[in-house]
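First comes the structure, then the notes that go with it.
As the structure is a prediction and not an experimental result, all values here were calculated from the model.
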Amino acid sequence: VYTFGDNADKLNGVVLFEYKGENVIEIQCSICSSTNIHQYKCDGTLYDFSNSNNFQDYVKNRKKIDVLYGTEIWKYSN
């Protein structure tokens with residue numbers, strides 16, 4: 001997560017999702033791409049969404065549990 005002084009919580013987000021029965025932590029930052037390289041399992045393992053079909057399945061079928069920090073920046077329409 002990048003720091004931007006007093007605005008860090010408006011320009012960054014940590015969002016918890018459920019996908020295929022697993023918790024997924026998505027690190028969101030206003031200066032980073034929203035596609036497929038910022039999703040982690042709770043053990044720290046990076047999800048491999050290099051296949052765009054897998055990433056689209058994730059976006060379509062995930063369920064948001066909570067915003068753990070900051071702001072949910074990346075909102076996708078299904």
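- Between His38 and Gln28, the closest side-chain pair of non-hydrogen atoms is not below 4.5 Å.
- When each of Leu46, Val15, Val24 is checked for a side chain to side chain contact (heavy atoms under 4.5 Å, CB included) with Gln39, only Val24 meets the rule.
- Considering all non-hydrogen atoms of both residues, Cys29 and Asn12 come closest at SG-OD1, 3.5 Å.
- Applying the side-chain contact (heavy atoms from CB on, under 4.5 Å) test to Ile25 and every residue at least two apart in sequence or in another chain returns Val14, Leu16, Ile27, Cys42.
- Within the 4.5 Å cutoff, no side-chain heavy atoms of Asp57 are placed close to those of Phe49.
- By the side-chain contact (heavy atoms from CB on, under 4.5 Å) test, Glu22 is found to be paired with Lys41, Tyr47, residues two or more places apart in sequence or in another chain being considered.
- Between Phe17 and Lys64, the shortest heavy-atom distance links the atoms CD2-CA, 3.4 Å.
- Checked against side chain to side chain donor-acceptor pair (under 3.5 Å), Asp43 has the following partners two or more places apart in sequence or in another chain: Thr45.
- Using a 4.5 Å cut-off on side-chain heavy atoms (C-beta onward), Glu26 and Tyr58 make contact.
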